[in-house]
Amino acid sequence: MKYLLLDIDDTIAPLKIGETNTVTVDRMSIEISIPIHVAEWLKRTSKKQIKIFWCTDRSPIMGSTIEKAIGFKTEGQLQFFNKKAYNWSKLYSIIEFCIEHEDEDDLVILADNHVERMTKGVELPNNLELVLPSDATLTIEDLKLIDGL
């Protein structure tokens with residue numbers, strides 16, 4: 001099985017709000033814009049043999065709002081409990097997820113614009129593939145890379 005752990009801020013939603021060719025999601029006066037190519041890819045990918053999990057400190061309500069706006073479904077969200085040690089807590093949850101899914105054919109893909117900062121000097125599980133967005137936000141080439149893994 002293939003799993004995608006997906007960050008929200010910057011990774012799929014750049015800081016620039018309301019640009020053309022985006023889907024704008026508004027949740028309780030918090031707006032984010034997701035490029036159309038990412039939104040369309042999420043719809044297609046969620047119907048394939050890949051399970052998508054949110055890997056963000058955003059509220060699960062924001063994740064479900066994005067899902068409704070775009071028209072796809074995730075499998076849920078990883079939990080990080082230590083906000084003071086965010087990078088460590090997030091990485092620990094990712095490693096724990098990989099260990100839980102280390103069957104012979106399981107592959108966990110992490111798409112996060114902070115991958116390098118989080119994983120520097122850490123030995124990572126063998127079933128984890130890292131995708132650092134080439135322009136902070138996932139590009140079409142990044143999405144093709146994920147599809148090819």
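Numbering starts at 1 and runs along the sequence shown. These numbers come from the heavy atoms of this one structure, side chains and all, not from hydrogens, waters or symmetry mates.
- To the nearest 0.5 angstrom, Asp57 atom CG is 7.0 Å from Asp9 atom CG.
- Leu4 is not connected to Ile140 by any chain of hydrophobic side-chain contacts under 4.5 Å among Ile, Leu, Val, Met, Phe, Trp and Tyr, and they are in different clusters.
- When the side chains of ILVMFWY residues are joined at heavy-atom separations under 4.5 Å, either directly or via intervening members, Met1 and Ile95 end up in a single hydrophobic cluster.
- Without hydrogens or angle criteria, Asp112 side chain to His114 main chain gives a donor-acceptor distance under 3.5 Å.
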Under the side chain to side chain contact (heavy atoms under 4.5 Å, CB included) rule, what do Lys90 and Cys55 come out as? Steps first, then yes or no, please.
CA-CA 8 Å; Lys90 184 173 184 176; Cys55 189; 3.7 Å; yes
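- The number of heavy atoms from other shown groups lying within 6.0 Å of NZ (Lys144) does not exceed 12.
- Two residues are said to be in side-chain contact when any heavy atoms from C-beta on lie closer than 4.5 Å; Trp54 and Leu5 fail this criterion.
- Using a 4.5 Å cut-off on side-chain heavy atoms (C-beta onward), Ile94 and Leu110 make contact.
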Test log, rule side chain to side chain contact (heavy atoms under 4.5 Å, CB included), inputs Asp7 and Ile12 = CA-CA 7 Å; Asp7 184 37; Ile12 68 164; over 6 Å; no
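- Judged by distance alone, with hydrogens and angles left aside, the side-chain atoms of Lys73 form no donor-acceptor pair with the main-chain N or O of Glu67 at under 3.5 Å.
- Formation of a donor-acceptor pair under 3.5 Å by the Thr139 side chain with backbone atoms of Asp142 is found in this model.
- To the nearest 0.5 Å, atom CG of residue Leu6 and atom CD1 of residue Ile109 are 10.5 Å apart.
- In this structure, Leu145 and Asp147 have side chains that are not in contact, with every pair of non-hydrogen atoms separated by 4.5 Å or more.
- In this structure a side-chain-to-backbone donor-acceptor pair under 3.5 Å is present from Gln77 to Arg58.
- A distance-only check finds no donor-acceptor pair linking the side chain of His37 to the backbone of Leu143 [under 3.5 Å].
- No donor-acceptor distance shorter than 3.5 angstrom exists from the side chain of Thr45 to the backbone of Leu42, with no hydrogens or angles considered.
- Looking at Leu132 and Glu116, their side chains come closer than 4.5 Å, going by heavy atoms from C-beta outward.
- Heavy atoms only, all atoms of each residue included: Ala136 and Asn113 are closest at O-CB, 3.4 Å.
- Annotation: side chain of Ile70 is not in contact with side chain of Trp41 (no heavy-atom distance under 4.5 Å).
- Between Thr56 and Thr11 there is no side-chain heavy-atom pair separated by less than 4.5 Å.
- Residues Pro14 and Ser33 have side chains not in contact (no heavy-atom distance under 4.5 Å, counting atoms from C-beta outward).
- Under the 3.5 Å distance criterion, with hydrogens and angles disregarded, no donor-acceptor pair is assigned to the side chains of Thr137 and Asp10.
- Atom CD1 in Ile50 sits 12.5 Å away from atom CZ in Arg44 (nearest 0.5 Å).
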Test side chain to side chain contact (heavy atoms under 4.5 Å, CB included) on Val115 and Val131; report intermediate values, then the result. CA-CA 8 Å; Val115 158; Val131 175; over 6 Å; no
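- Put simply, the side chain of Asn127 gets close to the backbone of His101: a donor and an acceptor are under 3.5 Å apart.
- Between Lys2 and Gln49 there is no side-chain heavy-atom pair separated by less than 4.5 Å.
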Point to revise | Phe53 and Phe97: CA distance, side-chain angles, deciding distance, ring-ring contact (aromatic ring centres under 6.0 Å, His included) verdict | key: CA-CA 10 Å; Phe53 288 82; Phe97 184 92; 5.0 Å; yes
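- Here CG of Leu128 is found 4.0 Å from SG of Cys98. Values are rounded to the nearest 0.5 Å.
- To the nearest 0.5 Å, atom CD of residue Glu141 and atom OG of residue Ser134 are 6.5 Å apart.
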For the pair Lys43 and Glu40, evaluate salt bridge (Lys or Arg N to Asp or Glu O under 4.0 Å) and give the outcome as yes or no after the intermediate values.
CA-CA 5 Å; Lys43 277 196 281 193; Glu40 293 297 321; 3.4 Å; yes
